[in-house]
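Structure first, commentary second.
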Number of protein chains: 2
Amino acid sequence: MKILLIEDESSLRESIITYFTDEGNICETAADYKSAIEKVNIYNYDCILLDLTLPGGDGMEILRAIKKINKKDGVLIISARHSLDDKLDGLNLGADDYLVKPFHLSELKARVTAIVRRKSYNGSNIITFNEIHIDTQAMSVKIGDNVLILTRKEYDLLVYFIANHNKVTTKSAIAEHLWGDEIDLSDHFDFIYTHIKNLRKKLVEAGCKDYIKSMYGVGYKFENV
Amino acid sequence: MKILLIEDESSLRESIITYFTDEGNICETAADYKSAIEKVNIYNYDCILLDLTLPGGDGMEILRAIKKINKKDGVLIISARHSLDDKLDGLNLGADDYLVKPFHLSELKARVTAIVRRKSYNGSNIITFNEIHIDTQAMSVKIGDNVLILTRKEYDLLVYFIANHNKVTTKSAIAEHLWGDEIDLSDHFDFIYTHIKNLRKKLVEAGCKDYIKSMYGVGYKFENV
DNA sequence: CATTTACAACCAGATTTTTCACTGTATGAA
DNA sequence: TTCATACAGTGAAAAATCTGGTTGTAAATG
């Protein structure tokens with residue numbers, strides 16, 4: 001899951017980020033109005049955690065911006081303002097939920113998952129793509145009845161592929177999704193090849209068709225032929 | 001005791017909440033269909049007080065939702081509808097009791113405690129997972145017939161694992177659950193390793209299979225192979 | 001007060017994963 | 001065809017993470 005945290009207070013930012021990163025999510029942050037708008041404009045997130053009081057501009061403006069450029073990203077407002085009016089304003093502008101500071105991280109997480117679940121209500125947490133079955137809660141992958149043992153990156157990669165099946169995905173998009181901010185985009189992340197190769201190998205060895213099609217010079221496509 | 005009150009009329013809501021809070025309970029409220037469904041989906045309550053006439057949707061739907069997502073939360077319907085049919089409908093759908101407005105708060109309280117007591121008696125306080133039996137009231141653990149002596153943290157850990165069996169649990173989730181607020185999430189709580197290790201050892205020594213599977217880079221999974 | 005116990009911290013070694021360098025092959029453009 | 005580049009495959013170094021042992025400390029117990 002990819003999360004953007006828009007929050008200026010650094011200590012809170014740290015702990016939230018640590019928490020969600022530990023949970024295995026990709027987290028990015030923005031500490032002020034400008035960089036928030038920038039990120040929101042360029043990338044897509046499963047959920048955006050938005051603090052309302054920001055240096056350089058009002059948080060509500062960011063919310064408006066998100067909703068304006070369509071964006072189906074989930075938005076959870078976290079704010080110290082606890083008046084009903086603030087709450088209603090936020091929700092009316094299209095936020096998915098509103099959480100008053102201070103809060104427990106577990107509650108934050110619960111609400112985020114609730115938002116994400118609501119957004120993409122697959123019903124279950126089992127993702128299925130032909131013979132591939134992924135149980136996202138158990139983090140287990142099956143090919144037919146064979147259980148596949150995948151490493152973290154391989155797993156993320158597979159989930160990403162399936163989520164974007166039949167679409168071309170560039171290497172940099174993959175890198176962005178698997179590594180988030182940490183990656184230096186000027187790098188030649190050739191190690192993606194390795195992960196692709198390993199995933200491919202494990203899938204094929206488990207009797208799965210090779211859905212990963214290389215698009216020379218562009219990237220890959222997880223293709224349902 | 002944790003209680004959820006689903007009620008749209010604010011004055012009644014206030015008085016019930018005040019009453020139960022004063023009694024030392026944790027109370028949450030939902031005033032409409034949407035937020036009710038949400039809370040019910042996210043959290044667990046000892047007892048849910050459900051008003052049938054709600055803006056935005058029928059209360060019976062909420063009841064259905066509760067029962068659908070398993071949920072062993074107790075449900076007490078409070079409603080102005082006093083026909084026998086309404087009563088029967090509710091009880092048939094799995095509500096534990098039905099109270100007709102208006103009522104005395106003391107009666108409400110009596111019924112709530114009755115429900116909770118009933119739950120915790122017949123609703124087994126024995127958790128069983130294969131050969132592992134936990135008596136939550138006695139806080140004792142048995143492997144088959146062997147009694148296990150666990151420390152507090154080990155016990156909590158085991159219960160948490162069993163409650164989340166076959167799901168991956170991250171270290172930070174465990175930390176949050178076992179230590180709550182006190183934990184500094186920027187820490188690398190390596191001490192979890194120790195508790196995992198100790199629990200594992202005691203379980204295995206008592207002749208239990210090692211269900212605790214490490215998910216490298218993610219956390220652990222209590223797995224029923 | 002002495003002793004035991006539970007918990008947290010530390011450390012060394014093992015294990016697993018990730019990254020990186022290198023070689024060979026395939027592809028598309030000139 | 002030739003050439004530059006992209007990709008696949010191998011293996012090994014580097015980094016991250018887990019395990020098990022041990023130790024210090026504070027709290028609980030007797």
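Side-chain atoms are counted along with the backbone in the values below, which use heavy atoms only and exclude waters and symmetry mates. Here the structure is a predicted model, which means the values were calculated and not measured. Order of the sequence lines fixes the chain letters, A, B, ..., with proteins taken first and strands second; residue numbering starts at 1 for each chain.
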Distance below 4.0 Å between [X] side-chain N/O and [N] OP1 or OP2:
X        : N      : result
B:Tyr193 : D:dC18 : yes
B:Tyr216 : D:dT19 : no
A:His195 : C:dT19 : yes
B:Arg200 : D:dT19 : yes

Please classify the nucleic acid contact of [X] as base, sugar-phosphate, or nothing, using heavy-atom distances under 4.0 Å.
X        : value
B:Lys201 : nothing
B:Tyr220 : sugar-phosphate
A:Lys153 : sugar-phosphate
B:Lys213 : nothing

message: Counting only heavy atoms not in B:Lys142 (residues, nucleotides, ligands), do more than 12 fall under 6.0 Å from its NZ?
response: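 Count not over threshold, so no.
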message: Counting only heavy atoms from other residues, nucleotides and ligands, does the tally under 6.0 Å from NZ of A:Lys201 exceed 12?
response: no
query: Under 3.5 Å, is there an N or O donor on one side and an acceptor on the other linking the side chain of A:Thr194 and the base of C:dC20?
result: yes
message: Can you tell whether the side chains of A:Arg13 and A:Glu7 come within less than 4.0 Å, N to carboxylate O?
response: no
- prompt: 5'-most contact on DNA chain C: A:Lys202 or B:Leu150, nearest heavy atom basis?
  reply: B:Leu150
Starting from [atom2] on [N], measure out to [atom1] on [X] and report it in whole angstrom.
X        : N      : atom1 : atom2 : answer
A:Asn198 : C:dT16 : CG    : C1'   : 13 Å
A:Ile196 : C:dT17 : CD1   : P     : 18 Å
B:Ile212 : D:dC18 : CD1   : P     : 14 Å
A:Ile192 : C:dT19 : CD1   : C1'   : 12 Å

Counting heavy atoms from C-beta on, name the nucleotide in [options] closest to the side chain of [X].
X        : options                : result
A:Phe191 : C:dC20, C:dT18, D:dC18 : C:dC20
A:Ser214 : C:dT18, D:dA8, C:dC7   : D:dA8
A:Thr151 : D:dC18, C:dA8, C:dT18  : C:dT18

- prompt: Starting at the 5' end of DNA chain D and moving along, which residue's nearest nucleotide shows up first, A:Gly219 or B:Lys197?
  reply: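 Its nearest nucleotide lies further toward 5', so the answer is A:Gly219.
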Step-by-step side-chain hydrogen bond (donor to acceptor under 3.5 Å, both in side chains) determination, B:Asn224 to B:Asn166: CA-CA 7 Å; B:Asn224 193 357; B:Asn166 285 359; 5.9 Å; no
message: Can you confirm if the aromatic rings of A:Tyr211 and A:Phe129 lie within a centre distance of less than 6.0 Å?
response: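 Yes: the rings meet the under 6.0 Å criterion.
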